[in-house]
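Have a look at the structure below, then the notes.
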2 protein chains.
Amino acid sequence: MKDVAQHAGVSTATVSRVLNGHAAPTPETRERVLAAIEELGYRPNALARSLRTTSTQTLGLVISDLLNPFFAEIARAVEDEARSHGYCVVIGNADESAEQEATYVRTLLDRRVDGLLLCPATDDPGLVREVSAGGVPLVLLDRTVRGATCPVVRADGSEALTALARRLVGAGHSRIGVIAGPPNTSTGRERTDVLTGSLGGLAQVVHGDFRQESGSQAAAKLIDDGVTALIAMDNLMGLGALGEVRARGLRIPHDIAFAVFDDQPWFPLLDPPITVVAQPTVEMGRAAARSLLALVEGRQPDDVRLTAKLVLRGSLGEAEL
Amino acid sequence: MKDVAQHAGVSTATVSRVLNGHAAPTPETRERVLAAIEELGYRPNALARSLRTTSTQTLGLVISDLLNPFFAEIARAVEDEARSHGYCVVIGNADESAEQEATYVRTLLDRRVDGLLLCPATDDPGLVREVSAGGVPLVLLDRTVRGATCPVVRADGSEALTALARRLVGAGHSRIGVIAGPPNTSTGRERTDVLTGSLGGLAQVVHGDFRQESGSQAAAKLIDDGVTALIAMDNLMGLGALGEVRARGLRIPHDIAFAVFDDQPWFPLLDPPITVVAQPTVEMGRAAARSLLALVEGRQPDDVRLTAKLVLRGSLGEAEL
DNA sequence: GATAGGTGTGTAATCGATTAACTACTGCTC
DNA sequence: GAGCAGTAGTTAATCGATTACACACCTATC
């Protein structure tokens, strides 16, 4: 910057003003400065700028698993929305580990992100409190924590799950296997509660960890127990469960009815196509980014609750008639 | 930091020394400083530190599309490897747009990432030159550019593709549809060249853009042209093509043979499971991160060329016998 | 007991921007 | 022509760390 100033025969203050479109400079001075910048190929140092202004134009996003297409899609949407507002997104991968999550959150805070988007790995409010105490804008995404005091953006699957349950019961299923998420995550617990609630005593629950492997194990156990329907509470566990079903040569929906919470582009390609509860992932991501940006700008956004929809495709068999 | 120093009755220099495990401080002083840090909940400002040290402990990763599981997996691997070396990764989404790619690269440079990992959207070397001119360590990933002078990490699919071609020809296919990537990307061109080379005049090529939609369109055109086999050059176009095949009620492999470059966890679940050329994505990501870190540390890593493998699963029909 | 060599800390410059406060100049009014 | 307003640009403090250099003190040595 000093070089540019010298080159243009002005002070660094003037260069800075030109750069930031500030009040003062004469068109003529402006030209000179811009020419010098061009000539020297000068680019301002964002670190120095941020240090001075205490704004990094950066949002942090900590998610559980980038490999999970659900989160990848969310990340993509967040990034899109943020960029359109001139913000960058730094993504942190927590790997469903509370410890790694905390590490990442702290790293991002150390780097002075302007705001933080968090898909908490557990419903323990400790980390959330820590962030709030630091005065950094925080929005929770997809999952919440106990006694959260910050805005939350999530999908509500109750209606869709209730409808799904009603159909299965109506079609005469009496042993229904639920591959649930971890009970210490809000989504894991809530979805399962809704489902078991509307299934009465017909539900048989096995908890997984939102990963493929746990899905196949849970499916194996439930099939051994003689369930006639399987519902996986997230797409990765669904993938695992599907593998197990195939491995045993069971036909969907003839031998077993099947549904997954969370849609994927390849579900319609299966034979039969898989019935799902589809979450509005892109909208969730965008809404979360918008809420966070509002918070960063000093406004107080409301919680956002988008509704998930039941998409019938045939894998439930006669329950869909 | 000043507060901590005051609290511990020392100077900021001493605090800094304690923080960085430097030579000097007495165990006793150390204790006092650490206690003060603890008490005040002090966390150092990474921006200030980076400004001073000119090291951000951050790598930049610019990829074409986070929604493409291939890149998501790579991103994940890069992040993993980087973290294990104490580095953060900032991910930028270029959306297969050269312009957005350039914007992102510049943003990352402005933020003084210690190194940059790039999956170039086109094979135009302009951007790469710009980065190199800035003296920032750069490694290309998956794709290269014309006359690249920096290390490149990629998968070599020639052998697998040649084997695939031989099988199809051997099984008597005489019109083979190739859904190719954009000709202005190195992967798009190379894979197609290898394939058409070994297919002699039997190949019929339609170019897509590595997205699902272009895959279905290309498939439609090729099927209309009467091909008896389809090969998609990336998983998203494969997804699109598969949709088109299904929509027309064609059976694989009976009516049409099918293969995809790039494996996905759900390919084995299709009926029949899809034959693929599997790239070692995780290894690519890790290798790229390692190469970049080597470069950052002043060493000169070699290019890395990992081999992709043909995985036969049944979607080629008699070509697999 | 003066000198040299070590050790542990403090002082202050520095990284590269932003910006409040100030100065210098121009032009206008009475 | 003195006074005032307004404009364009400069000077220097500041953000929060790191670190070269200086300093004070202690111990060995001759």
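Each chain gets a letter, A, B and so on, in the order its sequence line appears, and its residues count up from 1.
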Flag the pair [X] / [Y] as yes when at least one side-chain heavy-atom distance between them is below 4.5 Å, and no otherwise.
X	Y	answer
Val105(B)	Leu116(B)	yes
Thr122(A)	Thr185(A)	no
Pro151(B)	Leu140(B)	no
Ser64(B)	Asp95(B)	no

Check your understanding: Looking for any heavy atom pair under 4.0 Å, which part of the strands does Val15(B) touch: base, sugar-phosphate only, or nothing?
Key ->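 Contact class for Val15(B): none.
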Practice item. Looking at every strand, decide which applies to Thr26(B) at a 4.0 Å heavy-atom threshold: base, sugar-phosphate, or nothing. Key: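 Result for Thr26(B) = sugar-phosphate.
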Review point. When the nearest nucleotide of DNA chain C is assigned to Gly9(B) and to Ser16(A) on a heavy-atom basis, which residue is associated with the more 5' position?
Key: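 Nearer the 5' end of the strand: Gly9(B).
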Practice item. Have a look at Arg143(A) and tell me which of Glu96(A), Glu190(A), Glu101(A) forms a salt bridge (charged side-chain N to carboxylate O under 4.0 Å, His left out) with it. Key: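 Among the candidates, only Glu96(A) passes.
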Check your understanding: So does Thr12(A) get a side-chain nitrogen or oxygen closer than 4.0 Å to the phosphate oxygens (OP1/OP2) of dT10(D)?
Key ->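 No, outside the criterion.
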Check your understanding: Is atom CZ of Arg30(B) surrounded by more than 12 heavy atoms (other residues, nucleotides or ligands) closer than 6.0 Å?
Key ->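 Open: at most 12 neighbouring heavy atoms sit under 6.0 Å from CZ of Arg30(B).
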Practice item. Kindly state which residues belonging to residues 47-59 of chain A come within less than 4.0 angstrom of DNA chain D, counting heavy atoms of the residue only, listed by number. Key: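 Here the set is Leu51(A), Arg52(A).
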Review point. Out of Asp65(A), Asp142(A), Asp234(A), which residue meets the side chain to side chain contact (heavy atoms under 4.5 Å, CB included) rule with Phe70(A)?
Key: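 Result for side chain to side chain contact (heavy atoms under 4.5 Å, CB included) with Phe70(A): Asp142(A).
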Practice item. To the nearest Å, give me how far apart CD (Glu28(A)) and P (dT7(D)) are. Key: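 Rounded to the whole Å, the gap is 18 Å.
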Review point. Quick one: how far along DNA chain C does chain B reach, first to last nucleotide 5' to 3', anything under 4.0 Å to a heavy atom?
Key: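 Contact boundaries, 5' end first: dG8(C) to dG16(C).
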Point to revise | NZ/NE/NH1/NH2 to OD/OE distance under 4.0 Å, Asp110(B) and Arg49(A) | key: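 No, no charged N to carboxylate O under 4.0 Å.
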